[in-house]
Amino acid sequence: MSLPNGPYNPQETENEILNFWLENKLYKPEYNPSEDRIMSTEEMKADVREAWALICPPPNAYARPHIGNISGYAYQDAMARYARMQGKKVLVLPGKDHAGLEGEGVFVREVLEKQGRNKFDIKRKDFYAEMMDFFMKNIDIARNDEKTIGLSADFDRDTFTLDPAIVETVLDTFVEMYNDGKIYKGVRIVNWDPKARTAVADNQVEFKESQTPFFYFKYSFPEPETKAIELRREYEGKGVLWKVQESDEKTYYLMGETHKGIKILGVGYDKVPAGNEVNGEVIGIQMRLDGDFRLVVKGIDFEGDIQSEVNKVTLELFSKIAGSHIILFANNHDEKLYTNGFVIGTVRPETIFADTAIACDPKDARYKQYVGKKIDVEFLGEKKTLHFIEDYAVDKDFGTGLLKVTPAHAVEDWEIAQRHTECLPAIQVIGYDLRLNKLTGKYNGMGIKEARRAMQEDMLANGNLVYVDENYQNKIKIAERTKAAIEPLLSSQWYLKYDGIREAAIEMVKSNQVTIHPDNMVKKFDHWMENLRDWAISRSLWWGYRLPVWYAGKVFEEIDDNGHVKEFIEINGKKEELDYKNSNHLRVQKQNPGKGWIQDENVLDTWFSSGQWVYATLTKYNLMDKFFPTSVLVSAHDILENWDSRMMMFTYFKHKQIPFKDLFLTGLVLGTDGQKMSKSKGNLIDMDKVRTEFGTDSVRMTYFYQNSAGASYSVTPDKLKNFKQFNNKIWNAAKFVLMNAENATDYTYSQPKLEGLKLENSKTIFNHIINTKAAVTKNINNFEFGYATDTLYQEFWHTFCDLYIESSKQYLNTIKDKESGEVISEPSLDDKQETLNVLIYSLKEFIKMLHPFIPFITEKIWRELPKVEGDHKTVMYSRW
RNA sequence: GGGCAGUUAGCUCAGCUGGUAGAGCGCUCCGUUUACACCGGAGUGGUCAUAGGUUCGAAUCCUAUACUGCCCACCA
């Protein structure tokens with residue numbers, strides 16, 4: 001019953017305590033606290049204690065976790081320790097994630113490339129084996145960090161996502177979902193990296209500022225505009241008198257009316273013409289889709305190339321007028337060019353051949369008359385029919401407010417086409433070699449830039465080119481690794497439909513079967529769920545679960561005569577279009593169907609497996625019957641959408657159940673600079689250094705203290721120092737109590753009761769303890785760890801230590817006058833006994849309440865404290 | 001651009017259902033040296049982002065604006 005002198009030494013204590021917990025297997029649900037032995041799993045299941053389970057989110061096991069990654073474990077652990085102290089049998093199941101895309105990326109960059117090797121020089125099987133080695137090493141490191149932070153997880157059951165038993169479950173789900181019609185194969189748009197000749201994921205794409213010509217081109221109506229022809233005959237070359245009607249500060253836009261009431265436009269004057277009247281020569285006409293038109297008058301300042309001058313200023317001025325464009329009389333006398341049409345801006349004229357629709361903003365009144373119709377247009381002398389649709393992705397204030405919809409060659413357009421299926425099938429006019437195909441006629445075989453130049457001339461000659469903005473700035477997508485410009489193209493992919501499971505997950509939250517903390521995150525969740533689209537689950541990687549899909553022969557993609565991308569299969573030298581419903585072509589099953597069958601090259605998206613984590617792990621250990629659904633899931637709020645929501649959906653699909661009752665979302669840990677802590681930002685805090693300097697319990701306290709669910713917070717030396725001092729305070733208070741108990745002769749501890757207390761002092765602190773316990777219990781039950789630790793800090797330090805311990809001294813020691821040495825007070829034996837009882841009782845209560853948060857120091861002190869019935873040798877299993 | 005948060009003492013943050021502003025660090029002064037100097041006591045310090053509104057009363061509820069952060073989508 002005593003503690004060593006001097007300040008609290010966390011390093012010494014933590015190692016010793018950690019070994020004690022681990023060696024005695026106290027973290028396992030099989031530990032039987034009343035008999036102090038490890039039960040068999042069957043006995044454990046039969047045990048009447050209430051089951052409580054938490055499955056740890058598996059961290060990406062390609063690098064050591066940092067102090068921010070670790071924060072989640074502190075929360076998971078606090079909940080688990082609290083549950084144990086409630087007398088529950090607790091399963092905390094740790095795991096590690098293979099992190100498919102990122103994992104492979106890190107391995108290729110950090111290992112292979114540094115050795116001067118290339119992924120494609122290695123056989124898939126060997127690559128996989130090497131990566132597995134790399135991961136296994138990192139897993140050991142990560143597991144060790146979990147242990148040292150005090151995570152009381154059943155490490156014997158630590159599970160890797162590529163564990164054979166997990167793979168089994170994940171692939172079974174794939175097969176079941178396929179048979180259920182939830183998984184299907186379809187063509188979709190991908191980011192094609194022409195250099196690597198592979199599709200790359202969105203987060204492997206970066207953007208680069210680029211100056212690209214912006215073409216305003218016209219889809220002409222087939223019939224010439226008779227009005228334009230008439231106007232030309234009437235006005236070309238004539239002078240008209242007009243006056244200023246509107247202006248801004250720099251340029252005066254002059255408008256007027258002719259004697260016949262026809263509006264005239266004059267543009268670009270630097271100064272107001274004298275008398276507001278100008279005689280100008282009519283050089284063209286501005287046509288508008290709504291039937292309105294204006295005459296274009298040669299301005300007094302126009303010199304040189306009239307067309308480019310007029311076009312430039314006119315486009316600036318009239319870019320916001322629906323479809324308006326300028327026909328210049330001086331340019332060409334061919335009357336067939338006097339046709340109206342839709343003026344559309346694009347940086348990619350070469351994809352015009354793949355357009356399937358024209359779209360406008362639903363808020364745009366200008367084009368309403370065309371919406372929903374099929375429109376005949378002419379481009380480069382060829383007639384084509386396009387759908388005219390409206391979609392919220394179109395911005396009426398950008399360009400002319402019209403968008404050409406090219407589902408095969410733009411991600412945004414592809415998504416529009418999903419909402420407007422009349423835009424499908426998509427037409428692909430660019431091949432995987434980035435050359436235009438035969439659907440583009442004379443441009444067949446040209447590269448993209450070459451085709452653009454050729455088209456520019458042809459468009460001008462055919463009246464399809466309105467204006468080219470050579471200085472247009474845009475962002476182009478480039479591949480992160482090869483730095484090649486990404487070409488969006490169609491490729492065959494596996495999809496997952498969320499039908500049914502999406503609604504089930506929304507309902508789980510709505511009906512409070514799953515409670516999200518903090519509740520404001522429900523909005524985030526709902527917003528995500530309501531906007532879900534089919535999920536592309538295949539990835540062209542090697543690291544992960546290879547799809548359980550088998551083909552009866554070689555499968556390849558081709559673009560047919562209509563520009564439609566189709567998949568073909570070659571069986572015994574015979575080429576057929578792939579029918580994924582035909583079991584002679586394709587089978588979805590785990591086992592190889594037989595000789596000659598070829599497995600799909602792709603692997604599953606990582607979320608497809610992590611989304612099944614709860615039941616995949618419990619199934620592996622045959623624990624579904626006792627620990628499912630689990631009690632709580634702790635995750636950082638930035639993966640609410642990607643992970644937590646999918647877990648609900650998968651679990652519903654597989655077990656028609658919720659995966660967990662409570663979902664606790666932690667905030668992100670910020671560095672001392674206030675930015676999200678991450679390796680790339682260089683604001684990491686060294687875990688080992690901090691633990692050595694301040695102690696693990698101090699680190700854990702900074703995670704909890706005055707922090708609320710979902711809120712970001714920083715780890716700073718100030719806070720760490722503060723909690724180091726707090727731990728020391730606890731240490732010294734315990735030393736004081738134990739020392740006095742030790743020194744009292746004939747004293748044995750008996751647990752005090754409120755009604756038996758005589759001293760006012762004792763009653764006051766006793767009531768404090770009761771109130772504190774009620775408050776802290778309520779806080780923890782409400783997942784309010786910030787309040788719980790705040791309360792404990794204040795009550796322990798400023799009530800128990802500063803007030804009670806100080807005032808208790810008069811009942812423990814003889815108090816003498818400092819100068820004379822005269823005895824001032826002498827405590828009675830009864831008072832001393834009562835005071836010691838209350839001191840020990842209070843300390844024990846605080847130690848128990850603090851244990852979920854700062855387990856090491858509390859365990860160390862607990863060992864020295866006298867026990868009564870209900871107390872266990874370890875504070876972990878002592879009743880709350 | 002869409003969504004979600006945040007903006008309170010010099011710094012890091014609490015303030016849970018509206019009722020005269022709190023903690024830690026820092027700073028100032030005093031004290032204590034048989035639990036603890038990694039201590040105790042006292043104090044300094046805030047027009048609670050800005051502007052409106054609701055209310056007897058608002059840091060707290062509503063609206064708008066500004067700035068910061070996070071997630072998603074990225075512009076034809």
Side-chain angles (χ1 to χ4, degrees), chain A residues 3 5-8 202-203 205 207 212 214-216 344-348 351 355 358-359 392-395 397-406 409-413 415-416 472 474-475 477 518 520-528 530-531 636-642 665 667-668 670 672 674-676 694-695 698 701-702 705-708 710-740 743 775 778-779 782 784 786-787 789-791 793-794 797-798 801-803 805-806 808-809 812-813 818 839:
Chain A
L3 295 165
N5 278 328
Y8 174 60
D202 284 344
N203 60 359
V205 169
F207 293 89
T212 317
F214 192 80
F215 297 80
Y216 287 92
I344 305 175
T346 182
V347 291
R348 306 209 50 193
T351 65
D355 288 354
I358 298 173
Y392 64 83
V394 184
D395 177 1
D397 297 323
F398 185 87
T400 61
L402 287 175
L403 171 70
K404 65 195 253 331
V405 181
T406 321
H409 295 297
V411 175
E412 177 90 320
D413 296 11
E415 284 171 2
I416 290 172
Y472 183 71
N474 74 338
K475 283 180 195 162
K477 280 182 175 180
N520 62 33
M521 294 284 175
V522 172
K523 281 190 232 163
K524 235 176 116 176
F525 174 83
D526 286 343
H527 183 260
W528 171 265
E530 280 153 20
N531 289 296
H637 71 71
D638 58 352
I639 53 170
L640 167 67
E641 293 99 331
N642 273 326
L665 299 167
L668 303 167
L670 311 175
T672 42
Q675 303 265 311
K676 176 180 171 179
F694 301 101
S698 306
M701 254 328 247
T702 59
Y705 185 75
Q706 287 199 341
N707 186 17
S708 48
S712 301
Y713 57 101
S714 57
V715 173
T716 60
D718 272 1
K719 291 184 189 177
L720 289 163
K721 184 183 159 199
N722 182 215
F723 295 120
K724 184 185 176 185
Q725 290 171 185
F726 178 57
N727 288 330
N728 198 49
K729 189 75 183 174
I730 297 170
W731 182 255
N732 281 302
K735 259 184 356 196
F736 173 82
V737 172
L738 289 167
M739 185 188 78
N740 278 289
N743 292 345
K778 187 179 152 222
N779 288 336
N782 292 337
E784 295 165 337
Y787 297 142
T789 46
D790 194 2
T791 304
Y793 183 97
Q794 296 304 325
W797 198 319
H798 300 301
C801 293
D802 292 347
L803 299 178
I805 288 187
E806 286 312 315
S808 75
K809 287 177 181 172
L812 298 172
N813 303 312
K818 270 176 274 172
L839 273 172

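Numbers restart at 1 for each chain; the letters A, B, ... are given by sequence-line order, proteins then strands. As a basis for the values below, the full set of heavy atoms in this structure was taken, side chains included, without hydrogen atoms, waters or symmetry mates.
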Calculate the interatomic distance between Asp526(A) atom CG and C72(B) atom P; express it in whole Å.
18 Å
Ile805(A) side-chain proximity, nearest of C72(B), C4(B), A35(B)
A35(B)
What nucleotide among A35(B), C36(B), C74(B) has an atom nearest to a side-chain atom of Cys801(A)?
A35(B)
Looking at every non-hydrogen atom in both residues, tell me the closest pair between Met521(A) and Leu640(A) and how far apart they are.
O-CD2, 3.6 Å
Given A35(B), C70(B), G3(B), the nucleotide with the shortest approach to the side chain of His527(A):
G3(B)
Which nucleotide, in any strand shown, forms a Watson-Crick or G-U wobble pair with G40(B), with both distances under 3.5 Å?
C30(B)
Give a yes/no on whether any side-chain N or O of Lys721(A) is located under 4.0 angstrom from OP1 or OP2 of G26(B).
yes
Taking the side chain of Leu403(A) as its heavy atoms from C-beta onward, which of G26(B), A76(B), A35(B) lies nearest to it?
A76(B)
Are any of Lys524(A)'s side-chain N or O atoms less than 4.0 Å away from OP1 or OP2 of C72(B)?
no
Looking for any heavy atom pair under 4.0 Å, which part of the strands does His409(A) touch: base, sugar-phosphate only, or nothing?
nothing
Taking only the side-chain heavy atoms of Phe214(A) (C-beta and beyond), determine which of C25(B), C36(B), A76(B) contains the nearest atom.
A76(B)
With RNA chain B as reference, determine whether Tyr705(A) or Asn740(A) sits nearer its 5' end, using the nearest nucleotide of each.
Tyr705(A)
Under 3.5 Å on both distances, the Watson-Crick or G-U partner of G1(B):
C72(B)
Identify which nucleotide among A76(B), G41(B), C72(B) has an atom closest to any side-chain atom of Asp802(A), counting heavy atoms from C-beta outward.
G41(B)
Does Glu530(A) have any salt bridge (Lys or Arg N to Asp or Glu O under 4.0 Å) partners at least two apart in sequence or in another chain, and if so, which?
none
Counting side-chain heavy atoms from C-beta on, which of U12(B), C36(B), U34(B) comes nearest to Lys719(A)?
U12(B)
Could you tell me which residues satisfy ring pair (Phe, Tyr, Trp, His ring centres under 6.0 Å) with Phe215(A), sequence neighbours excluded, listed by chain and number?
none
Using ring pair (Phe, Tyr, Trp, His ring centres under 6.0 Å) as the criterion, list what pairs up with Phe525(A), not counting sequence neighbours.
none
By nearest atom, which of the nucleotides A35(B), C38(B), C4(B) is closest to the Pro7(A) side chain?
C38(B)
Let me see the working for Phe694(A) and Phe723(A) under ring-ring contact (aromatic ring centres under 6.0 Å, His included), right down to the final yes or no.
CA-CA 8 Å; Phe694(A) 301 101; Phe723(A) 295 120; over 10 Å; no
Per-nucleotide protein contact string for nucleotides 14-20 of chain B (B base, S sugar-phosphate only, - none; heavy atom under 4.0 Å):
SSB----
In whole angstroms, the gap separating C1' of A35(B) from CG of Asn743(A) amounts to 12 Å
Could you pull out all residues at least two apart from Asp355(A) that satisfy salt bridge (Lys or Arg N to Asp or Glu O under 4.0 Å)?
Lys404(A)
Could I get the full list of salt bridge (Lys or Arg N to Asp or Glu O under 4.0 Å) partners for Lys523(A), not counting sequence neighbours?
none
Proximity to the side chain of Val411(A) - top-ranked nucleotide from G3(B), C36(B), C74(B)
C74(B)
Only pairs with both distances under 3.5 Å count, Watson-Crick or wobble alike; so what is the partner of A59(B) in this structure?
none
Side chain of Lys523(A) - closest among G24(B), A5(B), C38(B)
A5(B)
